[in-house]
Amino acid sequence: MNIPLSSYPRIVIIGGGFGGISLAKKLSKKEVQVVLLDKNNYHTFQPLLYQVSTGGLEPDSIAYPLRKVLIGYDNFYFRLAEVNEVYPDKKKISTNIGELTYDYLVVATGSETNFFGNTEIEKNAMSMKSIPQSLNLRSLILENFEQALLTDDYHERDALMNFVIVGGGPTGVELAGALAEIKKGVLPKDYPDLDTRRAQINILQGGDRLLDGFSDQASKKAEDFLEKLGVQVWKGVRVTGYDGKTVTTKTDLVFESATVVWAAGVKGAGIKGLDAEEVLAGGNRINVNEFNQVVGYPEIFAIGDIAYMVTEDNPRGHPMVAQPAIQQGKLLGENLANLIQYKPMKPFKYFDKGSMATVGRNKAVCDINGYRFQGIFAWFVWMFVHLFFLIGFRNRMVVFINWVYNYIKFDREARLIIRPFKRDYSQFKD
């Protein structure tokens with residue numbers, strides 16, 4: 001990898017997400033050598049991926065070059081690499097560009113879509129955990145409407161305009177709201193020769209309410225917002241299969257759809273070598289202690305979504321969202337410096353800043369520090385928080401200008417098929 005030898009301890013960080021970047025910044029003034037590895041050369045602001053999927057934003061406005069994050073930091077190195085395996089006994093990792101030894105290893109690989117072992121759904125449904133996946137979804141949505149123009153079969157046309165979102169968490173709710181606004185404000189203008197009123201947006205939730213981690217008040221209000229937008233909310237419905245055409249459930253409900261988005265769960269993006277039974281917890285996450293040390297490996301740490309830390313306040317681990325990753329990254333930067341200097345480390349304590357989700361124009365729900373509010377004020381709070389946590393001044397300005405334009409014009413001009421996502425439509429003619 002052409003990483004120079006150094007008298008400083010070498011800290012290798014796997015993953016340039018929220019946790020990896022927070023840790024790298026915290027180590028910038030420490031006497032350590034830091035090597036950041038990621039399979040992409042950019043950081044993705046995942047909370048806004050759904051806006052890329054629905055044409056509200058272009059992908060470069062929510063991505064930021066990882067090398068730019070490290071500019072001006074001494075003894076920092078970035079390598080575009082995919083880690084294949086960790087060898088804890090040799091303090092070494094293997095990647096697609098070579099091997100690298102470490103003094104301390106930090107796993108910050110984040111999470112990936114969890115299909116719960118259903119290979120049929122995994123093969124045919126769409127995910128939305130990365131920019132390429134979001135671009136694929138955007139292309140598929142637009143291509144389905146183009147295809148709907150070409151068919152004379154009403155049944156096929158309805159299936160092409162039928163959206164099924166599996167999962168009633170923040171991702172599913174925000175995507176459903178965005179699609180409903182597209183149906184109302186964009187499709188009639190883009191497809192005047194198509195009866196877009198027949199387009200359906202269905203959100204399927206296995207539990208008895210949406211936004212399970214939010215307050216009952218926020219959950220009910222989000223459902224009300226969606227129903228007013230024309231979204232059909234189905235609760236207590238668990239999906240059992242999707243063959244590319246038909247969505248089957250544990251109930252009598254059956255949906256025929258060309259666009260199924262799976263937002264029903266995530267799991268840790270694990271690494272070979274750290275997959276022993278005593279290391280892994282539920283959801284493919286890595287067991288760590290209160291200092292984010294991997295159980296049984298004092299030189300290896302895990303932060304963010306991949307880390308499973310059981311505490312009195314979080315008996316099932318911390319939520320797999322950005323804030324725990326950011327807070328763990330910052331504290332681990334201090335703890336690694338203390339560890340190197342033989343000073344005691346500080347245990348991690350998560351400060352829950354609250355939860356929020358937007359359901360569309362002037363519609364959002366917020367649960368922050370015991371305060372619960374919904375509607376237009378919550379929507380402005382949601383926008384401010386997301387702009388604040390975006391990395392890079394340019395990204396903040398581009399996203400803000402896009403939001404203002406979309407609000408005034410009720411339009412989404414990024415509805416472009418840049419990279420076609422081809423699928424076989426013949427099965428819908430049956």
Side-chain angles (χ1 to χ4, degrees), residues 9-20 22-24 26-27 32 34-38 83-95 99-112 114 116 265-352:
R10 176 182 291 165
I11 300 173
V12 176
I13 305 171
I14 305 174
F18 290 107
S22 295
L23 173 59
K26 199 67 180 180
L27 293 171
V32 294
V34 177
V35 181
L36 177 62
L37 306 175
D38 198 288
V83 177
N84 298 323
E85 189 168 356
V86 176
Y87 302 96
D89 54 332
K90 299 179 182 178
K91 298 181 74 171
K92 181 177 71 174
I93 61 171
S94 169
T95 76
E99 296 182 340
L100 185 68
T101 58
Y102 62 83
D103 292 297
Y104 299 99
L105 177 68
V106 181
V107 181
T109 48
S111 59
E112 58 189 5
N114 189 357
F116 304 99
V266 292
K267 62 180 180 179
I271 299 178
K272 189 178 180 182
L274 292 175
D275 51 4
E277 187 175 341
E278 63 272 14
V279 173
L280 290 183
N284 204 45
R285 302 170 78 181
I286 297 175
N287 278 309
V288 297
N289 62 16
E290 67 271 28
F291 308 112
N292 283 99
Q293 284 176 307
V294 176
V295 175
Y297 301 103
E299 296 88 13
I300 303 178
F301 298 79
I303 58 175
D305 290 357
I306 190 67
Y308 187 80
M309 182 190 298
V310 177
T311 65
E312 186 176 340
D313 294 332
N314 300 95
R316 295 166 55 186
H318 296 104
M320 297 170 77
V321 293
Q323 272 304 313
I326 293 170
Q327 294 175 31
Q328 288 176 353
K330 289 179 179 179
L331 180 62
L332 184 56
E334 298 178 12
N335 278 339
L336 284 170
N338 290 340
L339 187 63
I340 292 168
Q341 298 172 15
Y342 302 101
K343 295 180 180 178
M345 295 189 291
K346 302 175 185 176
F348 176 73
K349 185 170 179 58
Y350 174 50
F351 174 59
D352 188 355

Tell me, do [X] and [Y] make a side-chain contact under 4.5 Å, heavy atoms counted?
X: Asp313; Y: Lys349; answer: yes
X: Asn84; Y: Lys272; answer: no
X: Val32; Y: Ile340; answer: yes
X: Ile11; Y: Leu336; answer: yes
X: Val35; Y: Tyr102; answer: no

If you round to the nearest 0.5 Å, how far is [atom2] of [Y] from [atom1] of [X]?
X: Ile271; Y: Leu274; atom1: CD1; atom2: CG; answer: 6.5 Å
X: Lys92; Y: Glu85; atom1: NZ; atom2: CD; answer: 9.5 Å
X: Asp275; Y: Leu280; atom1: CG; atom2: CG; answer: 6.0 Å
X: Ile306; Y: Lys267; atom1: CD1; atom2: NZ; answer: 10.5 Å
X: Ile303; Y: Ile13; atom1: CD1; atom2: CD1; answer: 7.0 Å
X: Phe291; Y: Leu332; atom1: CZ; atom2: CG; answer: 11.5 Å

Compare every heavy atom of [Y] with every heavy atom of [X], then report the nearest pair and how far apart it is.
X: Ser111; Y: Met320; result: CB-CE, 3.7 Å
X: Pro319; Y: Asn314; result: CD-ND2, 4.1 Å
X: Pro9; Y: Tyr104; result: CB-CE1, 4.4 Å
X: Gly273; Y: Pro88; result: O-CG, 4.0 Å
X: Ser94; Y: Tyr87; result: CB-CE1, 3.7 Å
X: Phe18; Y: Ala325; result: CB-CB, 4.2 Å

For Arg10 and Thr101, indicate whether the former's side chain and the latter's backbone hold a donor-acceptor pair under 3.5 Å.
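Checking the backbone N and O of Thr101 against the side chain of Arg10, a donor-acceptor pair under 3.5 Å is found.
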Do Lys346 and Asn335 pass the side chain to side chain contact (heavy atoms under 4.5 Å, CB included) test, and can you show the C-alpha distance, the side-chain angles, and the key distance before you say yes or no?
CA-CA 7 Å; Lys346 302 175 185 176; Asn335 278 339; 3.9 Å; yes
Among residues two or more places apart or on two chains, list those pairs meeting side-chain hydrogen bond (donor to acceptor under 3.5 Å, both in side chains) that have a residue in residues 282-293.
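Qualifying pairs, neighbours excluded: Asn289-Gln293, Asn292-Gln328.
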Residues in ring pair (Phe, Tyr, Trp, His ring centres under 6.0 Å) contact with Phe348, at least two apart in sequence or another chain:
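Partners of Phe348 under the ring pair (Phe, Tyr, Trp, His ring centres under 6.0 Å) test: His318.
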Test log, rule side chain to side chain contact (heavy atoms under 4.5 Å, CB included), inputs Leu37 and Ile93
CA-CA 11 Å; Leu37 306 175; Ile93 61 171; 3.3 Å; yes
Could you check Ile326 against Lys330 for side chain to side chain contact (heavy atoms under 4.5 Å, CB included), going step by step and ending with a plain yes or no?
CA-CA 6 Å; Ile326 293 170; Lys330 289 179 179 179; 3.8 Å; yes
Determine, step by step, whether Leu23 and Phe301 satisfy the side chain to side chain contact (heavy atoms under 4.5 Å, CB included) criterion, reporting the C-alpha distance in whole Å, the side-chain angles of both residues, the deciding distance to 0.1 Å, and the verdict.
CA-CA 12 Å; Leu23 173 59; Phe301 298 79; over 6 Å; no
